[in-house]
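Being a predicted model, the structure only gives us computed values, none of them experimental. Here is the naming used below: chain letters follow the sequence lines, and residue numbers restart at 1 for every chain.
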Number of protein chains: 2
Amino acid sequence: MKKLLSVSLAGVLSLGISMSANAVSQEDAIEYRQAVMEVIAWNFGQMGAVMKGKIRFDAQAFAKRAGNVAFLSQLSLEGFIFGSYEGETDARQAIERNWDHFKAKMAQFQEESAKLAEVAKTAKTRREVGLQFLKTAKTCKGCHRRYKRR
Amino acid sequence: MKKLLSVSLAGVLSLGISMSANAVSQEDAIEYRQAVMEVIAWNFGQMGAVMKGKIRFDAQAFAKRAGNVAFLSQLSLEGFIFGSYEGETDARQAIERNWDHFKAKMAQFQEESAKLAEVAKTAKTRREVGLQFLKTAKTCKGCHRRYKRR
C-alpha cells in the first residue's frame, strides 16, 4: 500500500508516472480496491459503534459518515480488473466468473448506502437510521459471503 | 490493511465491533490514513497520466477523478491522531509538533483540489486543467517534503 502511494505520488509529482488507465497492474488494482474498502470499513465501523451505543449519536457526524460510504461505494469497482484474483487478495476468482452478478451486488451496496446517506441527512435520532443501516450492512455481508475469502 | 478491514467489517456485521471514535488505536489510524492517501494517489495518478499524455483526455473521466480527490482530501485528517507517528508509518513526528501548520497545509490541499474539481467540471481540453492540476500537485509535494519520510 505504501509502495503504491510513494511510487504513484512521487511519480506524478516528477511527471515520471507510468501508471495508465490501460496499463494498471493487477497488484496496484488489488491494493487500490483494498484501500477503498478499508476507508469504507473505517467509516462504516464508526457508524456501527454508534448503532451499538458505543459512540453517542451525533446527527451531523453520522450523516457525514454515511455520505462518505455512499461516495466511496462508487470507487472500488474499477479495482476489480481481469486476472487480479490471485496473490495478496481475499477477493475470489468467482467474481470474474460471475461478473454480472458481482456488479449487481455492488450496485445494491451503492443503492442502499445512498439511501442511508439520504436518511441520515434529516435523521435526528439513532432510531431513524437503524433500519437503513442494517439494510446497507446486509449488502456488504451478502457480497462478502460469496466473493470474499474468510 | 486487510486485517483492519476484516476485523471492523466483520465486527460491525456481527454487531461485535469495539472500535469507537474515542478509542481508535494508533495502528488503525495509521492504516486508515494510508488507505485514504492511496485512494487519492490512484485517482491523482490517473490524472497525472492524462497530463503526461499517456491517457487520452476524457473530460467526464477527468472531472470524476478530480471530484474524487477533492472529496477524499477531506477524509485523512482524522487519521492523524496523537501518538501515531512511530512504527509502520512514513508520517513524521513533526506533524504533532507543528499541528497548526500541518492542518494549514492540509487545508491548502483541500482548497486546491476543490478548485481543480470545479475547473474540471467545465473543462473541454487538457490545457484548461493543467495549471490547477499542478497547483494541486504542489500542495501534495509541499506537505510531504516536511511531514513524510522518503
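When only modelled atom types and interatomic distance are considered, A:W42 and B:E31 share no side-chain donor-acceptor pair under 3.5 Å.
Contact tally against chain B (heavy-atom pairs below 4.5 Å) for A:K64, A:M47, A:E78, A:Q74: the top residue is A:E78.
Between B:F71 and A:L75, every side-chain heavy-atom pair lies at or beyond the 4.5 Å cut-off.
Counting non-hydrogen atoms of neighbouring residues, nucleotides and ligands closer than 6.0 angstrom, the CZ atom of A:R149 exceeds 12 such neighbours.
When hydrophobic clusters are built by joining Ile, Leu, Val, Met, Phe, Trp and Tyr residues whose side-chain heavy atoms come closer than 4.5 Å, directly or via intermediates, A:L131 is not grouped with A:L116.
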Go through the steps for B:V24 and A:Q46 under the test side chain to side chain contact (heavy atoms under 4.5 Å, CB included), then give the verdict.
-> CA-CA 10 Å; B:V24 165; A:Q46 296 282 331; 3.6 Å; yes

